[in-house]
Amino acid sequence: MDKKIERETKFKELVTSTWIQFPKLGLYCEKELSYHKIFCKIQTVLSFRKLAEYLDIQIFLSGPHTKYYLELNSNYEFGHYNPEFPIKLREYLLPAKTNETLYTLTLPIYEGLIRNTAREFFIVYQKLDSNPKFFRKEADRYLLLVEENRLDPYYLDRFILFLYPAFTDNEDPEESSRFVYKKGDETIDAQVVKELVGFWIRRKADGTDTDFILGLVDLLKLYDPGFYQNRIAPSSH
């Protein structure tokens with residue numbers, strides 16, 4: 001029991017110091033795209049093997065990742081997260097929730113380095129989730145292609161224009177999927193959109209999408225409440 005408390009205390013301290021030091025971490029990571037930049041910075045202080053030790057769980061249940069290395073370029077497999085992983089992350093990742101001084105210190109860090117990515121994740125998820133049937137169908141198709149080793153390396157390119165109002169998955173307007181569209185969403189970089197659609201489809205496929213989005217909502221409500229409220233407000237048209 002003492003070991004568990006000690007481990008949790010150390011992890012909480014590490015999370016807090018990572019937030020504070022975040023701008024100075026892994027400056028070479030700046031060349032990375034979107035969330036890979038954030039992930040790259042975090043990896044400079046915490047390997048995912050170490051993270052698994054701190055959380056006392058296996059992070060991935062299956063996929064191409066080894067205990068020591070994260071394989072991000074596999075065409076035929078993807079990491080299936082342990083459903084406990086996003087739940088555990090929610091417990092630890094926002095120390096500023098209960099610490100006003102830390103909140104004041106980390107708000108500009110969030111605004112400068114994390115906000116755009118957090119918003120992009122939410123915007124893409126929101127559009128996918130506005131058509132649950134399409135979202136489920138895409139996740140099932142992706143899973144099948146992966147299982148049968150038939151996933152084309154360029155498969156996700158079809159989502160480059162996903163945030164455009166006219167995006168459809170079928171030529172027939174009667175058959176095509178309907179989505180909720182918000183003006184201006186299509187200005188997000190198309191490569192980023194494609195990557196994020198891929199992320200959320202994989203999370204829907206491994207069943208962790210709900211807990212990941214709950215964690216993201218926690219982050220937005222804390223650091224970006226105006227954006228969050230605006231996104232969930234009913235559309236006026």
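Just the heavy atoms: all of them, side chains too, but no hydrogens, waters or symmetry mates, feed the values below.
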| field | Exam field: side chain Lys194 to backbone Leu156, donor-acceptor pair closer than 3.5 Å | value | no
| Atom of Leu163, atom of Glu186 and distance for their closest heavy-atom approach | O-CB, 3.7 Å
| Are the charged groups of Arg202 and Asp206 less than 4.0 angstrom apart, N to O? | no
| Is the distance between the ring centroids of Phe179 and Phe162 under 6.0 Å? | yes
| query | Quick one: does Thr18's side chain get under 4.5 Å of Leu46's, heavy atoms only? | reply | no
| query | Would Ile38 end up clustered with Ile20 when hydrophobic side chains under 4.5 Å apart are linked, directly or stepwise? | reply | no
| query | Is a side-chain N or O of Asn82 found less than 3.5 angstrom from the main chain of Gln58, in a donor-acceptor match? | reply | yes
| query | Is the closest basic N to carboxylate O distance between Lys50 and Glu53 below 4.0 Å? | reply | yes
| request: Go through the steps to decide whether Asp157 and Tyr154 satisfy the test side-chain contact (heavy atoms from CB on, under 4.5 Å), and finish with yes or no. | output: CA-CA 5 Å; Asp157 282 3; Tyr154 301 104; 3.7 Å; yes
| query | In Å, rounded to the nearest 0.5 Å, how long is the span from CZ of Arg136 to CG of Leu128? | reply | 12.0 Å
| said: Taking the six-membered ring for Trp, are Tyr103 and Tyr223 closer than 6.0 Å centroid to centroid? | reply: yes
| Side chains of Tyr110 and Leu220 in contact at under 4.5 Å (non-hydrogen atoms) | yes
| query | Crowded around Lys137 NZ? As in, over 12 foreign heavy atoms under 6.0 Å? | reply | yes
| query | Any donor-acceptor pair under 3.5 Å linking the side chain of Trp200 with the backbone of Phe121? | reply | yes
| query | Short question: side chain of Thr106, backbone of Ile109 - any donor-acceptor pair under 3.5 Å? | reply | no
| Arg7 and Asp56 ion-paired at < 4.0 Å | yes
| request: Calculate, to the nearest 0.5 Å, the distance between atoms CZ and CG belonging to Arg90 and Asp218 respectively. | output: 4.0 Å
| said: Hydrophobic clustering (ILVMFWY, side-chain heavy atoms < 4.5 Å, transitive) - are Ile42 and Trp19 grouped together? | reply: yes
| Aromatic ring centroids of Tyr181 and Tyr164 under 6.0 Å? | no
| query | Taking the side chain as C-beta and beyond, is there a heavy-atom pair between Phe39 and Thr117 under 4.5 Å? | reply | no
| note | The single option from Asp185, Leu196, Asp129, Ile188 that satisfies side-chain contact (heavy atoms from CB on, under 4.5 Å) with Val124 is Leu196
| request: For residues Lys182 and Lys127, determine if any side-chain heavy atom of one lies less than 4.5 Å from a side-chain heavy atom of the other. | output: no
| field | Beyond-backbone contact of Pro95 with Lys12, side-chain heavy atoms, under 4.5 angstrom | value | no
| said: Applying side-chain contact (heavy atoms from CB on, under 4.5 Å) to Val193 and Phe159, what does each step give before you reach the verdict? | reply: CA-CA 7 Å; Val193 172; Phe159 294 109; 5.5 Å; no
Between side-chain atoms of residues 21-33 and protein atoms elsewhere (two or more places apart, or another chain), which donor-acceptor pairs fall under 3.5 Å?
unit_1: Lys31; atom_1: NZ; unit_2: Tyr28; atom_2: O; d: 3.4

| message | Can you tell me how far apart CD1 (Ile87) and OG1 (Thr208) are? Round to the nearest 0.5 Å. | response | 9.5 Å
| query | Val217 and Phe122: side-chain contact (heavy atoms from CB on, under 4.5 Å), yes or no, with the steps? | reply | CA-CA 8 Å; Val217 166; Phe122 190 77; 3.9 Å; yes
| message | Please find the pair of heavy atoms, one from Leu219 and one from Ala118, that lie closest to each other, and give the distance. | response | CD2-CB, 3.8 Å
| task | Return yes if a side-chain donor-acceptor contact under 3.5 Å exists between Tyr54 and Glu8, otherwise no. | result | no
| said: Classify the ring geometry of Phe85 against Tyr81: parallel below 30°, tilted from 30° to 60°, perpendicular beyond 60°. | reply: parallel
| field | Interatomic spacing from CG in Leu51 to CD in Gln43 - rounded to 0.5 Å | value | 10.0 Å
| message | Side-chain heavy atoms nearer than 4.5 Å, only ILVMFWY residues, links allowed to pass through others: does that put Leu102 and Ile114 together? | response | no
| query | Would you call Leu214 and Asp211 a side-chain contact if the rule is heavy atoms closer than 4.5 Å? | reply | yes
| message | Count I, L, V, M, F, W, Y as connected when their side-chain heavy atoms are under 4.5 Å apart, and connections chain through other members. Are Phe135 and Leu144 then in the same cluster? | response | no
| field | N-O pairing of Glu138 and Arg141 below 4.0 Å | value | yes
| task | For residues Tyr125 and Phe212, establish whether the separation of their ring centroids is below 6.0 Å. | result | no
| message | Show the nearest heavy-atom pair for residues Leu55 and Lys88, with the distance to one decimal. | response | O-NZ, 3.2 Å
| field | Sub-4.5 Å side-chain heavy-atom contact between Tyr35 and Val192 | value | no
| field | Hydrophobic cluster identity match, Ile232 and Leu216, side-chain contacts under 4.5 Å | value | yes
| From Arg203 CZ over to Thr210 OG1, what is the distance, rounded to the nearest 0.5 angstrom? | 12.5 Å
| said: Any heavy-atom pair between the side chains of Asn230 and Phe227 that's under 4.5 Å? | reply: no
| field | Residue pair Phe48 / Ile59: nearest heavy atoms and the distance that separates them | value | O-CD1, 3.4 Å
| query | Is the side chain of Thr104 donor-acceptor paired with the backbone N or O of Glu100 at a distance under 3.5 Å, no angle test? | reply | yes
| request: Quick one: pull up CD in Glu148 and CG in Leu143 and give me the separation to the nearest 0.5 Å. | output: 10.5 Å
| message | Using side-chain contact (heavy atoms from CB on, under 4.5 Å), reason through Ile201 and Val197 one step at a time and then give a plain yes or no. | response | CA-CA 6 Å; Ile201 284 174; Val197 171; 3.6 Å; yes
